[in-house]
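Below: the structure, in structure tokens.
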2 protein chains.
Amino acid sequence: MTKMASTKSASFALDASRCLICSAKALNMCGSLEPEELSRLSQIARCESFGNGEALFHEGDPAKTVYNITDGAIRLSTSLKNGRRQVVGFLFTGDFIGFSDRESFPWTGEAVRGAKVCRFSRADLARITTEFPKVEHRLLEMATADIASAQDHIVMLGQGSAAEKVSAFLLALSRKSAKRGGIENPVHLPMTREDIADYLGLAFETVSRCFTRLENEGLIAIESTRVVRIKDFEALADFSDDE
Amino acid sequence: MTKMASTKSASFALDASRCLICSAKALNMCGSLEPEELSRLSQIARCESFGNGEALFHEGDPAKTVYNITDGAIRLSTSLKNGRRQVVGFLFTGDFIGFSDRESFPWTGEAVRGAKVCRFSRADLARITTEFPKVEHRLLEMATADIASAQDHIVMLGQGSAAEKVSAFLLALSRKSAKRGGIENPVHLPMTREDIADYLGLAFETVSRCFTRLENEGLIAIESTRVVRIKDFEALADFSDDE
DNA sequence: GGCTTGCGTTGACATGGGTCAAAATCGGAT
DNA sequence: ATCCGATTTTGACCCATGTCAACGCAAGCC
């Protein structure tokens with residue numbers, strides 16, 4: 001609840017070369033552009049760093065900016081009147097924040113253990129998309145992936161026991177990591193048990209108990225609090241929608 | 001589970017005039033086009049009708065087509081190994097089905113009490129979008145709305161009691177109906193209690209009990225099983241995330 | 001009309017997971 | 001290395017909701 005920033009955020013303009021060597025380029029919307037087009041894009045981008053728990057924006061802030069995540073992880077969440085919090089998504093390198101038609105941000109976006117982003121003004125991006133239909137095409141692809149990811153989240157939330165949800169969550173994290181070129185197996189969890197709980201609609205104690213139980217049953221090994229090795233993908237997958 | 005079709009599906013080609021007078025035009029992707037462009041679109045569209053419970057496509061079918069809903073309601077769902085079902089969304093007039101990058105449909109799409117759609121082949125649509133960037137722009141807007149709707153669903157599923165979920169569901173249906181030009185208040189529910197339960201991650205008995213309870217507390221009036229009048233929007237909204 | 005069939009409601013009961021509480025462990029700061 | 005607050009784990013208890021079961025009701029059909 002009361003997260004504090006361990007690092008101050010920094011912001012600086014980009015030069016064209018920085019875009020060219022950006023490791024997240026292939027994953028996000030910039031990947032569709034030629035070098036000379038990329039330099040147009042770099043002129044409107046600002047690079048920012050955020051420390052542990054630091055907010056990029058708050059629920060209700062005017063949504064004048066959009067972000068490409070270039071490193072780390074971001075948590076999108078909303079707090080409800082009853083004091084509880086729903087984590088709507090975890091976003092990683094290559095993901096885009098800003099698919100929304102609303103005037104203000106519907107979620108709070110916070111760095112989970114440090115993150116780097118490229119920030120654009122929405123108006124600048126609109127100009128880019130009309131100039132380069134390729135970018136709009138790429139954005140539609142990314143929005144489509146977002147829809148798939150949200151729908152997977154829905155299935156995770158709606159069905160099954162707490163242990164099923166946690167299993168499905170671990171498998172999804174592993175898959176996502178592999179998809180962006182990271183390691184598949186020892187799954188790294190940048191977020192706390194409470195974050196996971198608020199993502200899955202559970203109490204954090206329940207999430208903790210599920211980890212312990214999955215370890216006792218030999219499906220996973222908790223190498224450290226934030227590193228989990230999946231010992232039996234098959235069984236975990238069966239478990240995740242079969243119990 | 002074993003829904004049966006009360007009407008046979010029919011399919012026929014469109015002529016340009018039918019597109020021109022289509023009442024759903026303003027809501028879906030066709031709305032961005034000029035009359036002469038619309039006639040290009042009408043050449044690749046086929047109009048289809050589906051009866052009560054009839055499937056447009058099944059989970060796993062090759063996803064070679066996309067749909068514009070022109071009338072009625074469609075239920076997207078998946079069945080899990082444990083025999084349970086998750087309803088991923090209800091789609092209404094003006095909604096688009098086909099934001100997916102996968103080879104095969106991840107969901108089964110079925111008509112809820114009858115529906116009409118315009119069907120396009122994915123390949124034809126891809127040609128249209130490259131020819132008319134306006135259509136791609138409009139599709140991105142619609143995908144953005146889809147993301148917002150999926151995220152609302154996530155918040156509904158993750159947080160709160162059964163009664164909170166049902167309240168939020170009723171309010172969302174009412175809002176959606178108003179948004180597409182329908183009536184806001186006596187909310188019409190084309191779907192069964194079981195459909196609602198599978199959408200909200202509840203047992204259908206629980207949904208039924210919540211309706212009864214909300215009526216007893218004076219927040220709604222059940223005019224008939226499928227028609228609910230909201231008597232106190234304010235209280236229902238407070239209830240929906242406050243209890 | 002009376003039957004059939006699917007859908008909805010209500011009741012009784014069991015249990016998974018929320019809540020409260022306390023101890024254990026981790027990790028950053030000095 | 002030590003300390004201190006944050007996070008995680010574990011335990012005990014209880015309630016909301018799932019499950020099982022019976023019944024009511026409305027629509028369609030003969």
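Chain A is the first sequence line, chain B the second, and so forth, proteins listed ahead of strands; every chain is numbered from 1.
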_Side-chain N,O (A:Arg113) to OP1/OP2 (C:dG28) below 4.0 Å_ = yes
*Determine, stepwise, if the pair A:Arg180 / A:Asp95 fulfils salt bridge (Lys or Arg N to Asp or Glu O under 4.0 Å).*
CA-CA 10 Å; A:Arg180 63 176 183 274; A:Asp95 287 332; over 6 Å; no
*Specify the separation, in whole Å, of atom CG of A:Leu200 and atom P of C:dG16.*
19 Å
*For A:Arg193 and D:dT10, what is the distance between atoms CZ and P respectively, to the nearest whole Å?*
11 Å
_Residue A:Lys116 excluded, over 12 heavy atoms near NZ under 6.0 Å_ = no
_Whole angstrom value for the distance that separates C1' of D:dA16 from CD of B:Gln159_ = 15 Å
_Counting primed atoms plus P, OP1 and OP2 as sugar-phosphate and everything else as base, spell out the protein contacts along nucleotides 17-30 of chain D at 4.0 Å heavy-atom distance: B, S or - for each nucleotide, 5' to 3'._
SSBB----------
*Applying the salt bridge (Lys or Arg N to Asp or Glu O under 4.0 Å) test to B:Arg229, which of B:Glu215, B:Glu223, B:Glu184 qualifies?*
B:Glu223
_Cation-pi geometry met for A:Arg46 and A:Phe120 (6.0 Å, 45°)_ = no
_In this structure, how many angstroms lie between the C1' atom of D:dT9 and the CD atom of A:Glu215, rounded?_
12 Å
*Note down the inter-axis angle between the two ends of the helix from C:dG1-D:dC30 to C:dT30-D:dA1, five pairs each, to the nearest 10°.*
40°
*asked:* Quick check on C:dC7: is either OP1 or OP2 less than 4.0 Å from any side-chain nitrogen or oxygen of B:Arg226?
replied: no
*OP1, OP2 of C:dT10 versus side-chain N and O of B:Thr212: anything below 4.0 Å?*
yes
